[in-house]
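Throughout, a chain's letter reflects where its sequence line sits, starting with A, and its residues are numbered from 1. What you see is a predicted model, and the numbers here were worked out from it, not measured in a lab.
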There are 2 protein chains.
Amino acid sequence: MGLPERKQKILKLLDQHDNRDVQEIADALGISAITIRRDLQQLAEEGLLVRTHGGAMKAPALHPFTAFVDKAGVGQERKQHIGKLAAAQVKPGDTIFLDCGSTVFAMCQHLRKTGPLRVITNSLPVVAAFMDCDQITVNLIGGEVDKERKAMHGQRALQHIDSYHGMKAFIGTDGLSLRNGLTAFSEKEASISKAMAAQADIVYLLCDSGKIGKDSYLKYAPLTMFDHLITDRQLPTSTAAQFKAKGVSVIS
Amino acid sequence: MGLPERKQKILKLLDQHDNRDVQEIADALGISAITIRRDLQQLAEEGLLVRTHGGAMKAPALHPFTAFVDKAGVGQERKQHIGKLAAAQVKPGDTIFLDCGSTVFAMCQHLRKTGPLRVITNSLPVVAAFMDCDQITVNLIGGEVDKERKAMHGQRALQHIDSYHGMKAFIGTDGLSLRNGLTAFSEKEASISKAMAAQADIVYLLCDSGKIGKDSYLKYAPLTMFDHLITDRQLPTSTAAQFKAKGVSVIS
DNA sequence: ATCAAAACAATCAAATTCGATCAAATATAA
DNA sequence: TTATATTTGATCGAATTTGATTGTTTTGAT
């Protein structure tokens, strides 16, 4: 049994049980403990798990944008809930903008059965999600490929968006608060979100409750940029009331 | 038993069991271990499996975009040969156009180690191939997603291409003959190929010998559109001579 | 705070595998 | 046919991997 195969098996063991000790893994694979420890060290360096004394545990959630690659990522339940609500806003025949982000991506599986749609997006995972879906025509924004976010960004992408018009736009954000409005990690995503919002009749902001009240470092738009906030049920009613008092329509 | 046949059998063995060691394969095929190791190296370079110490394991499932890659398909050997030759024409620092087509796609694996490059393409598989390659920046043509061909087409895509300039363009074709020049199945691909050719200083046509002398139904460009024809060694020398007589530079 | 058991890092030795080079066999071309 | 290329198999030194040993650090309980 080679090293890569062992790595796979170790990760699989961690999927079944979040926390395992080295002797347990060694017994399961029939390999000496010392070798398992070496494997764990490599896997830890690759960020695939976290080392503990005597064993290893599953890797913690990563940055927001890489989270959607991670199937069992934290907050996935909430994202699924939001995705379902957002998809319910879409009617057959609509033309919609979808930006790149894990929460917006969660909409895709629910949109597949909606009916004929035209989707305009800068997200490669979104394109992949609809690749085998005949009823949905996809228009992919062109431009520089941002490999980290698996999406298109840059000047050309913005120009491309400006030449389209859609009925609804669904955009995500890294932070949302009454004081600072919408905030983001990166200028790139922020500019795309703004451009899409400007070209749509109705703008939906998708934001799970864990991000509400938190600010990222870049302020890029006021609360007035969007028409409806779609979030989950874990949002305290008091917070929801505050947003409603500011004139925000809250869907949860 | 020839080399291509062995490759197919090795891949079949890996389909049955994700992980095999070289001696196991050697015994199964009745071939020496050293030869199996050479085969595995080739297969690994083609991305059809992953080498491990002492054996090999199945290639990890990649992006959905690469689904069209027909692993052990007919003509794959010739495409690989052409891809290698074409990639050798590219120098570090180049800006190149790559169109959508399996022959052009075969270049990608050989381009990964070339050095810093800027790639402009309308092909989703090409984007996927360079997704984890830091040295290569990719500019994806925007437009309507053609799900069948996994590429972008349409008016907007053509406009997008026109706003760029590249040193070299690598394009495929469905048919090539002295009488009818370049022929294609579909208007969509033909228009993209023409647009890319118009924006590049040097145009390479990638065409395996099986397509030479054959015509598809749509004539879209004369032989003068390209500067160099890259093909395989199965092209009869007499045919090659005919092309050279017409002023075509043939690389094989 | 102290002590014992367990786990860790580092070094070493044995086994296996790999890469490069060379010779024989086969296929291909002139 | 002869000459050239390609492919297969073998050998040898280099590199990788595995498991053991040693001393040090961490953990948990007294």
Just to confirm, is there a sub-4.0 Å distance from OP1 or OP2 of [N] to any side-chain nitrogen or oxygen of [X]?
X: Ser32(B); N: dT8(D); result: no
X: His53(A); N: dT27(D); result: yes
X: Arg38(B); N: dG19(C); result: no
X: Arg51(A); N: dC8(C); result: yes

When the distance from [atom1] of [X] to [atom2] of [N] is rounded to whole Å, what number comes out?
X: Asp21(A); N: dA7(C); atom1: CG; atom2: P; value: 7 Å
X: Ile36(B); N: dC18(C); atom1: CD1; atom2: P; value: 12 Å
X: Gln42(B); N: dT6(D); atom1: CD; atom2: P; value: 13 Å
X: Arg37(A); N: dT21(D); atom1: CZ; atom2: C1'; value: 12 Å
X: Ile34(A); N: dA13(C); atom1: CD1; atom2: C1'; value: 14 Å
X: Arg6(B); N: dT8(D); atom1: CZ; atom2: C1'; value: 8 Å
X: Gln234(B); N: dA27(C); atom1: CD; atom2: P; value: 16 Å
X: Gln23(A); N: dC8(C); atom1: CD; atom2: C1'; value: 14 Å

For the side chain of Ile31(A), counting heavy atoms from C-beta on, which of dG19(D), dT8(D), dG9(D) is nearest?
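Looking only at heavy atoms from C-beta outward on Ile31(A), the closest nucleotide is dG19(D).
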One thing to verify: whether [Y] and [X] come together as a salt bridge, which I'm taking to mean a side-chain N less than 4.0 angstrom from a carboxylate O.
X: Asp99(B); Y: Arg149(B); result: no
X: Lys188(A); Y: Asp146(A); result: yes
X: Asp94(B); Y: Arg118(B); result: no

Report the residue from Leu176(B), Ile251(B), Leu223(B) that forms a side chain to side chain contact (heavy atoms under 4.5 Å, CB included) with Leu229(B).
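It is Leu176(B); the other options fail the test.
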Criterion side chain to side chain contact (heavy atoms under 4.5 Å, CB included) against Phe130(B), the qualifying member of Ile136(B), Leu117(B), Thr121(B):
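So the option named by the test is Ile136(B).
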To 10°, what angle do the rotation axes through the five end pairs on each side of the helix from dA1(C)-dT30(D) to dA30(C)-dT1(D) form?
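Comparing the axis at each end, I get an angle of 40°.
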Report yes if some heavy atom in the side chain of Leu43(A) is under 4.5 Å from a heavy atom in the side chain of Ile10(A); otherwise report no.
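The answer is yes, as the side chains (C-beta and beyond) meet within the 4.5 Å cut-off.
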5'-most contact on DNA chain D: Arg233(B) or Thr35(A), nearest heavy atom basis?
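The answer here is Arg233(B).
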Taking atom types as modelled, is there a side-chain donor on Gln89(B) or Lys168(B) under 3.5 Å from an acceptor on the other?
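The answer is no; no qualifying pair exists.
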Applying a 4.0 Å non-hydrogen cut-off, can you work out what Thr237(B) is touching in the nucleic acid: base, sugar-phosphate, or nothing?
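Nothing, no nucleic acid heavy atom in range.
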